[in-house]
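Only one structure is covered here, and it is reproduced in the block below.
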Protein chains: 2
Amino acid sequence: MKQTRNTAAKTEILKLINHSPVALSHAEIQSALNGLCDRVTIYRVLERLITEDEVHKVVNLEGVVKYASCHSCSSEEKHIHTHNHAHFSCEKCKEVTCMEDIEPSFKVPKNYQVHEMNFTLSGICPNCR
Amino acid sequence: MKQTRNTAAKTEILKLINHSPVALSHAEIQSALNGLCDRVTIYRVLERLITEDEVHKVVNLEGVVKYASCHSCSSEEKHIHTHNHAHFSCEKCKEVTCMEDIEPSFKVPKNYQVHEMNFTLSGICPNCR
DNA sequence: AAAATAACGCAACATTGTTGCAAATACAAA
DNA sequence: TTTGTATTTGCAACAATGTTGCGTTATTTT
Ligand SMILES: [Zn+2]
Ligand SMILES: [Zn+2]
Ligand SMILES: [Zn+2]
Ligand SMILES: [Zn+2]
């Protein structure tokens with residue numbers, strides 16, 4: 001298992017994501033960092049944060065990849081957390097919000113092996129009405 | 001309302017999507033067309049097909065946009081079809097399949113106005129086990 | 001302090017998607 | 001069938017996003 005290090009870039013990016021009420025895209029993170037590190041480094045840090053289960057990836061309805069922390073899961077249970085909650089993608093402001101309370105029920109044909117689910121609702125968020 | 005025309009590109013692209021059991025990406029469509037038309041034309045045709053409700057857009061877990069026809073909806077009801085069904089995204093072969101039978105139930109906070117939903121399950125498809 | 005390893009910056013590249021504009025085409029009216 | 005015109009296309013140019021290789025820097029271990 002590869003050792004992982006704490007760097008300024010990683011610390012700042014994680015702080016950003018943890019403090020944001022909505023999921024952030026690479027571009028949004030980059031402009032918020034204000035030149036702290038290279039574009040490529042952001043990609044690599046995000047990748048690392050995901051494998052370390054610090055953040056999770058969400059894709060909005062346009063296919064834009066966003067990153068969010070899981071506010072609800074304590075650090076002890078992070079390694080078992082599957083991030084299988086719903087997300088809301090606003091058509092107006094394009095913001096993506098985790099809705100950790102919504103757990104949809106469904107059934108699949110038994111020949112499909114389900115590992116993860118991505119349940120994204122879209123419409124208008126409370127701020128945009 | 002702008003008039004729309006049937007062209008070779010449009011006909012072929014729609015035929016491709018309609019005959020495919022899985023959702024197709026722009027790149028897949030392009031290579032299947034074998035130089036029939038320009039890359040840009042494919043983007044424009046797909047856009048047209050979506051507004052005409054001939055096909056719908058799905059985003060897989062990696063954020064790749066794919067296009068699929070709706071086999072279940074007859075041409076008469078296309079204009080009212082909301083494409084609110086589930087999709088399965090295979091981790092191995094990356095194929096996206098419409099699962100039109102699955103309709104998840106859920107509830108959202110009432111200050112969110114839901115227009116559409118994108119429910120994508122991922123795992124291993126029957127072909128890949 | 002030195003060695004080992006992880007992370008970084010930079011450049012270069014690949015892929016995906018968008019826009020403007022002139023030329024080609026589809027289609028309906030004459 | 002020919003003509004008129006709005007729609008569609010190709011091409012070129014660009015923007016945005018994501019990836020890779022490699023030499024340098026920083027952190028951790030010995
Ligand atoms: Zn909004
Ligand atoms: Zn989330
Ligand atoms: Zn598969
Ligand atoms: Zn579908």
Side-chain angles (χ1 to χ4, degrees), chain A residues 1-17 22-68 89 91 93-96, chain B residues 1-17 22-68 89 91 93-96:
Chain A
M1 185 61 163
K2 204 176 163 190
Q3 176 83 8
T4 169
R5 296 176 184 178
N6 284 329
T7 63
K10 185 181 164 187
T11 309
E12 278 311 303
I13 291 172
L14 185 55
K15 200 195 293 179
L16 259 177
I17 296 176
V22 296
L24 299 174
S25 67
H26 174 277
E28 287 160 346
I29 293 169
Q30 182 177 12
S31 77
L33 285 180
N34 216 53
L36 171 77
C37 69
D38 193 74
R39 226 166 54 82
V40 179
T41 300
I42 302 177
Y43 280 114
R44 298 200 257 230
V45 167
L46 288 171
E47 208 176 339
R48 236 183 304 156
L49 288 175
I50 286 174
T51 63
E52 290 169 17
D53 280 314
E54 296 280 351
V55 305
H56 64 285
K57 210 191 250 195
V58 208
V59 176
N60 80 359
L61 285 198
E62 274 105 11
V64 179
V65 176
K66 305 224 172 185
Y67 302 86
S89 173
E91 289 164 1
C93 64
K94 311 289 179 197
E95 284 189 347
V96 174
Chain B
M1 182 62 162
K2 203 176 162 190
Q3 176 83 9
T4 169
R5 294 174 185 183
N6 284 328
T7 63
K10 185 181 164 187
T11 308
E12 279 310 304
I13 292 172
L14 184 55
K15 199 194 295 178
L16 260 177
I17 296 175
V22 296
L24 299 174
S25 67
H26 174 277
E28 288 160 344
I29 293 169
Q30 184 177 12
S31 77
L33 285 180
N34 215 54
L36 172 76
C37 69
D38 194 74
R39 227 168 54 83
V40 180
T41 301
I42 302 178
Y43 281 113
R44 299 200 258 228
V45 167
L46 288 171
E47 207 177 340
R48 236 183 304 155
L49 288 175
I50 286 175
T51 63
E52 290 170 17
D53 281 315
E54 295 281 350
V55 305
H56 64 283
K57 211 191 250 195
V58 207
V59 177
N60 79 0
L61 287 196
E62 275 104 11
V64 179
V65 176
K66 304 223 173 187
Y67 303 86
S89 173
E91 290 164 0
C93 64
K94 312 287 180 198
E95 284 189 348
V96 174

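For the numbers below, each heavy atom of this structure counts, side chains included, while hydrogens, waters and symmetry mates do not. Within every chain, numbering begins at 1; the chains are lettered A, B, ... in the order of the sequence lines, protein sequences first and strands thereafter.
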#### Entry: A:Val55 and its side-chain contact (heavy atoms from CB on, under 4.5 Å) partner, picked from A:Ile13, A:Val45, A:Leu49
A:Leu49
### Query
Taking for each residue the nucleotide of DNA chain C bearing the nearest heavy atom, is the 5' side occupied by A:Ala9 or by B:Val65?
A:Ala9
### Query
Whole-Å distance between D:dT9 P and B:Asp38 CG?
10 Å
### Task
Have a look at A:Asn6 and say if it touches a base, only the backbone sugar-phosphate, or nothing, with a 4.0 Å heavy-atom cut-off.
nothing
### Task
To the nearest Å, give me how far apart OH (A:Tyr43) and C1' (C:dC8) are.
16 Å
### Query
Do the charged groups of A:Glu47 and A:Lys57 touch, with an N to O distance under 4.0 Å?
no
## Note on the structure
With the side chain defined as heavy atoms from C-beta on, B:Gln3 is closest, among D:dT17, C:dA6, D:dT7, to D:dT7
#### Entry: Comparing A:Val45 and B:Ala27 on DNA chain C - which has the more 5′ nearest nucleotide
A:Val45
### Query
DNA chain D: A:Val64 or B:Lys10, which has the more 5' nearest nucleotide?
B:Lys10
### Task
Could you tell me whether a side-chain N or O of A:Thr11 sits under 3.5 Å from a main-chain N or O of A:Thr7, the two making a donor and an acceptor?
yes
### Message
Can you tell me if A:Thr4 touches the phosphate of D:dT28, counting only side-chain N or O atoms and a distance under 4.0 Å to OP1 or OP2?
### Response
no
### Query
To the nearest angstrom, how far is A:Ile42 atom CD1 from D:dA16 atom P?
15 Å
#### Entry: Nearest-angstrom distance from the residue atom CG of B:Leu46 to P of D:dT8
14 Å
### Query
When the distance from CD of B:Glu62 to P of D:dT17 is rounded to whole Å, what number comes out?
18 Å
### B:Gln30 CD - C:dA14 P separation (whole Å)
15 Å
#### Entry: Residue pair B:Glu91 / B:Glu62, side-chain heavy-atom distance below 4.5 Å
no
### Task
Pick base, sugar-phosphate or nothing for A:Val40, based on heavy-atom distances below 4.0 Å to the nucleic acid.
base
### Query
Separation of B:Arg39 atom CZ from C:dA14 atom C1', in whole Å?
11 Å
### Task
Verify the contact: side-chain N or O of A:Thr41 to OP1 or OP2 of C:dC8, cut-off strictly under 4.0 Å; return yes or no.
no
### Task
Starting from C1' on C:dA7, measure out to CD1 on A:Ile13 and report it in whole angstrom.
12 Å
### Query
What nucleic acid atoms does A:Arg44 come within less than 4.0 Å of, heavy atoms only: base, sugar-phosphate, or nothing?
base
### Query
C:dC8 phosphate, OP1 or OP2: any side-chain N/O from A:Thr7 under 4.0 angstrom?
yes
### Message
Main chain of B:Val65, side chain of B:His26: is a donor-acceptor contact present, judged purely on distance under 3.5 Å?
### Response
no
### Query
Can you find a donor-acceptor pair, distance only, under 3.5 Å between A:Arg5 side chain and D:dT27 base?
yes
